[in-house]
Protein chains: 2
Amino acid sequence: MTIYDIAKKAGVSSATISRVLNHGPVKPSTKERVLKIIEKENFFPDSSGVYLKKLKTKKIGLVIPDISNPVYPVTVRIIHDFLKKRGYHLIFGNTYGEVSEEKDVLEMMSRERVAGIIVATCEGEDDTSLYPMFRRMSENMSIIFLGEKRDSLMVDAFTVDSLKGMYKITRYLLNTGKRNIGFIAGSKSLRATEERLQGYQRALKERDVAFNPDNVICEGLYNIDYGKKWGKILLEKGVDAVVCGNDLLAVGVIKAAEKMNIKIPDDVAVTGFDDIFLGSLVKPALTTVRQPVDIVKSGCECLIERIEGRKTGEPEEILFEPEIVIRESA
Amino acid sequence: MTIYDIAKKAGVSSATISRVLNHGPVKPSTKERVLKIIEKENFFPDSSGVYLKKLKTKKIGLVIPDISNPVYPVTVRIIHDFLKKRGYHLIFGNTYGEVSEEKDVLEMMSRERVAGIIVATCEGEDDTSLYPMFRRMSENMSIIFLGEKRDSLMVDAFTVDSLKGMYKITRYLLNTGKRNIGFIAGSKSLRATEERLQGYQRALKERDVAFNPDNVICEGLYNIDYGKKWGKILLEKGVDAVVCGNDLLAVGVIKAAEKMNIKIPDDVAVTGFDDIFLGSLVKPALTTVRQPVDIVKSGCECLIERIEGRKTGEPEEILFEPEIVIRESA
DNA sequence: ATTTATTTTGTAACCGTATACATTAGCATG
DNA sequence: CATGCTAATGTATACGGTTACAAAATAAAT
């Protein structure tokens, strides 16, 4: 079923059908007649044809590390809903922190001629292959970065000030009297890890608490298992608090403490980062750093503005300041 | 940049470029020359053109109620990975249990001419609008249903035998000596709710335990808040166990018990359904019913087989038998 | 060297839609 | 009733690919 078939049934030309389907001027009576036929035949015009003719699609690519990581589903939901309202829809790709996977995904989206891409990964900053790819692609489509700060600002970036976040929560711990505070960042290779470490250090310095490198672990991944592993090590060292680079790590630490019969928060305080839903359900509920939800909406808004040409000019970086959420674990 | 541009640069015709891009026979030397140019220009052929010509896309629609519901992310990940390996990619739509949203999503996928659709929702069985839509669409593309049993079998369905699951876990509770077992199903309108209730009843009957309608709640949604609400009511009635229609409800019940100072599992046992990740982290860890992971892969496999014409014939329903996972809450 | 078979390449049509431009219909005006 | 004007519709082409078919180039066989 094509517009030609509809045209034949309605006794008009394909152009008239197209005009009915879009915004063209059509005599009300024929419009009605055509619409009735379209309805009856359950006809929906083929996007491939539309896209090909217009050289522009309504597809948006979403690049994330792993949808099964509990940080992302909520974000994806917000993005989905926002874009749907604006007439776009999502093509979706997991990258699992692999540069090669991310390349695959970006290539696929390139072929699909997505109107824009939302990148929530942060791989390949030092890699020679991914950044040039972004640069090239950004000439043909709009791209935004979401989440972590980037080294180079080639596209609009909506990032959370994790330095500030870590600073805030470390300061909070210091305020509650903790002095021997451990720190579990994730993998060294991420820029955000460095950021977070700085926030932690700034808070210590401000209170004249000596920085003890033995209390800091910058290795492994941002998941529960590493939280358990590093948590055990730090708890054995006798820290009185553990600041974690994300909530999953913190949950791991809580589990480790549980096994060691260490009471949280009485013996040791534990904090997370991200404020995932899980954190509020775990026992004790997680004290953590929440990134403002607006970051996602602002990002989407900006992306659409770029795509539809209402926003032009140099890429911007917009920094969102996170807030701490105090629950039971600290 | 199009194949014509590439053709010009390579001094050949567009057909040759197309043949290089696909599997056509091309002289090795020209093939190499063309590939070099394609590489240099970072050219990727426009899918719209390809799709339009072939009248078939590499897009798969995924229809789920809500990605931020923790049941789905893992499923989505499995689907994503499977499809990627087979050269397909995902277009994604949340429906929030709304027939109108689901219609929107299906219409969008219709326009996109997706090669197939994976439906993990279960709305509109009794509704007049959604099922006819599926039926029509299934003439042009492959569709599979994932998850719950359906009334009518118009497409392949990969479902979990929730009756059996509920039967098994209720039997387990009876084996541990529980006799006054409450039951929280979700909304009455879902077919699965009925199924689960039957499983619960079958187990009771088998052990000659009288069925007490007062212990059964068939209302509300499958989420934590309703778990808390109904949990409180059942706990106040003095049940010695609560069987829940899914894990979120069970977590809610655990939270309610916590507030009421009721000890789980000593005072009251609680069980869930689905085995989401969260269940293993909550305290006490959830005893629940796990649906086999294979259900998703089998579904995907079947979908691709249908799409690529290797599977034909009448739609099948494949029923997967769930297993119980015993942890701490029962 | 000529014929024949095979490999390689080119030409042109087509997929479904949008739209610039041309045409026709409808209507008011003098 | 011819004229001019606007509204409605039609015609034809382009978008970026693929592919049937034709043609040319090369290799093999006589």
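Predicted model, so just to flag it, every value in this text is computed and none were measured. Below, chain A is the first sequence line, B the second, and so on; all start at residue 1.
- The CD atom of B:Glu102 sits 9.0 Å away from the CE atom of B:Met133 when rounded to the nearest 0.5 Å.
- Among C:dA18, C:dG16, D:dA8, the nucleotide with an atom closest to any side-chain atom of A:Leu52 is C:dG16.
- In this structure, B:Pro28 and A:Ser48 both approach DNA chain C, and ranking their closest nucleotides by distance from the 5' end singles out B:Pro28.
- Note: NZ (A:Lys27) to P (C:dC27) measures 8 Å, nearest angstrom.
- One interatomic measurement links the two molecules: CD1 of A:Ile3 to C1' of C:dT19, which rounds to 11 Å at whole-angstrom precision.
- To the nearest angstrom, C1' of C:dT7 lies 14 Å from NZ of B:Lys31.
- Put simply, the side chain of A:Arg19 and the base of D:dG10 share a donor and an acceptor less than 3.5 Å apart.
- In this structure, B:Ile38 places its CD1 atom 13 Å from C1' of D:dG17, rounding to the nearest Å.
- For B:Ser14 (side chain) and B:Ile3 (main-chain N/O), no donor-acceptor pair under 3.5 Å exists by modelled atom type.
- Put simply, A:Thr2 has no side-chain N or O that comes within less than 4.0 Å of OP1 or OP2 on C:dG16.
- The backbone N or O of A:Asn94 sits less than 3.5 Å from a side-chain atom of B:His80, completing a donor-acceptor pair.
- Taking side-chain N and O atoms only, B:Ser18 has a distance below 4.0 Å to OP1 or OP2 of D:dT18.
- If you take NZ of A:Lys53 and P of C:dC15, they are 17 Å apart, rounded to a whole angstrom.
- Atom pair B:Ile17:CD1 and C:dT8:C1' shows a separation of 14 Å (rounding to whole Å applied).
- The backbone N or O of B:Met137 sits nowhere less than 3.5 Å from a side-chain atom of B:Asn140 that would complete a donor-acceptor pair.
- Contact annotation: B:Thr16 side-chain N/O to C:dG10 OP1/OP2 distance is under 4.0 Å.
- A donor-acceptor distance shorter than 3.5 angstrom exists from the side chain of B:Asp156 to the backbone of B:Glu316, with no hydrogens or angles considered.
- Between B:Thr30 and C:dT8, a side-chain N or O to OP1/OP2 separation shorter than 4.0 Å is absent.
- Atom CG in B:Leu55 sits roughly 8 Å away from atom C1' in C:dG16 (whole-Å rounding).
- Listed candidates were D:dG10, D:dG17, C:dG16. Nearest to the side chain of B:Pro45 is D:dG17.
- In this structure, B:Tyr4 places its OH atom 11 Å from C1' of D:dA14, rounding to the nearest Å.
- Of the listed nucleotides (D:dT18, D:dT9, C:dG10), C:dG10 has the atom at the smallest distance from the side chain of B:Ala15.
- Each of B:Gly11 and B:Arg113 was matched to the nucleotide of DNA chain C holding its nearest heavy atom; the match closer to the 5' end belongs to B:Gly11.
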